[in-house]
Amino acid sequence: QVQVVESGGGLVQTGGSLTLTCVVSGSTSDYYAIGWFHQPPGKERGPPLSAINTKDGRTFYADSVKGRFTISRDNGKNTVYLQMNSLTSEDTGVYYCAALRTQSWVVATITDEYDHWGQGTQVTVSS
């Protein structure tokens, strides 16, 4: 059974940084892409916030996080990271990691049609 496990969430002040970690059982290279999603408090989970192609390292960022967040992978450790800088209260919420088998960058970057999901990790940004 595939497991996707996020960690690294927590409480941080406005302007601070956090690094989220996503570990995928098996191998990240078994999947086309790994994506991160954000669910703000009281709202539905949004479209992909960031994604990375596990083969060629191509990356995607939503406009809201461009220049602030950085996604990276370590296939040897079956791990994807999301470095989050300059955090604001709008970044508060649950962050989910997901693994996608479908080999489509369109699917990876504009849909939530990922195959395996983690339980999420809470990020709270306080002013």
Side-chain angles (χ1 to χ4, degrees):
Q1 182 177 355
V2 176
Q3 286 190 317
V4 178
V5 181
E6 308 96 334
S7 62
L11 176 64
V12 63
Q13 291 188 330
T14 298
S17 298
L18 280 175
T19 298
L20 305 184
T21 299
C22 174
V23 179
V24 181
S25 64
S27 173
T28 50
S29 59
D30 290 342
Y31 302 92
Y32 174 77
I34 305 295
W36 285 97
F37 296 76
H38 176 220
Q39 183 171 13
K43 298 183 180 180
E44 293 186 352
R45 188 177 61 208
L49 195 65
S50 182
I52 187 165
N53 182 301
T54 62
K55 304 298 190 297
D56 62 18
R58 182 175 17 167
T59 58
F60 161 81
Y61 299 97
D63 288 344
S64 60
V65 302
K66 280 181 182 176
R68 299 191 300 124
F69 290 12
T70 302
I71 191 170
S72 61
R73 78 196 193 287
D74 184 338
N75 287 347
K77 294 183 178 180
N78 303 325
T79 300
V80 170
Y81 305 95
L82 186 68
Q83 172 69 41
M84 307 188 297
N85 298 326
S86 303
L87 288 164
T88 73
S89 59
E90 292 187 354
D91 296 316
T92 292
V94 179
Y95 285 75
Y96 295 92
C97 178
L100 175 70
R101 292 190 183 275
T102 301
Q103 300 198 23
S104 167
W105 193 236
V106 171
V107 172
T109 59
I110 68 171
T111 81
D112 62 356
E113 296 175 9
Y114 281 62
D115 298 284
H116 306 286
W117 293 81
Q119 293 298 308
T121 186
Q122 175 70 42
V123 172
T124 302
V125 184
S126 66
S127 57

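Note that the structure is predicted; figures quoted are calculated from it, not measured.
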Okay, side chain of [X], backbone of [Y]: is any donor-acceptor separation there less than 3.5 Å?
X   : Y    : value
H38 : D91  : yes
N75 : T54  : yes
E6  : G120 : yes

Where [X] and [Y] come nearest, the two heavy atoms and their spacing:
X    : Y    : answer
N85  : Q83  : OD1-NE2, 2.7 Å
G118 : Y96  : O-CD2, 3.6 Å
T21  : Y81  : OG1-CD2, 3.6 Å
R101 : V2   : NH2-CG2, 4.2 Å
Y114 : V107 : CE1-O, 4.2 Å
P48  : A108 : CG-O, 3.4 Å

With side chains defined as the heavy atoms from C-beta onward, is the minimum distance between [X] and [Y] less than 4.5 Å?
X    : Y   : result
P40  : E90 : no
C22  : L82 : no
L20  : M84 : yes
T102 : Y32 : no
R73  : I34 : no
N78  : S27 : yes
W36  : V80 : yes
S64  : L49 : yes

* Crowding at CD, Q3 (>12 non-hydrogen neighbours, <6.0 Å) -> no
* Near K77 NZ, under 6.0 Å, is it more than 12 heavy atoms from other residues, nucleotides or ligands? ->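 Not more than 12 within 6.0 Å, no.
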Please round to the nearest 0.5 Å and tell me the distance separating atom [atom1] of [X] and atom [atom2] of [Y].
X    : Y    : atom1 : atom2 : answer
R68  : L87  : CZ    : CG    : 6.5 Å
S104 : I110 : OG    : CD1   : 8.0 Å
Q119 : S7   : CD    : OG    : 13.5 Å

Quick one: do [X] and [Y] end up in the same hydrophobic cluster if we chain Ile, Leu, Val, Met, Phe, Trp and Tyr together by side-chain heavy atoms under 4.5 Å apart?
X    : Y   : value
F37  : V94 : yes
I52  : Y31 : yes
L100 : Y61 : no

* **T92/Q122 under side-chain contact (heavy atoms from CB on, under 4.5 Å): CA gap, chis, key distance, verdict** => CA-CA 8 Å; T92 292; Q122 175 70 42; 4.2 Å; yes
* On the 0 to 90° scale, with breaks at 30° and 60°, tag the Y95-F69 ring pair as parallel, tilted or perpendicular. => tilted
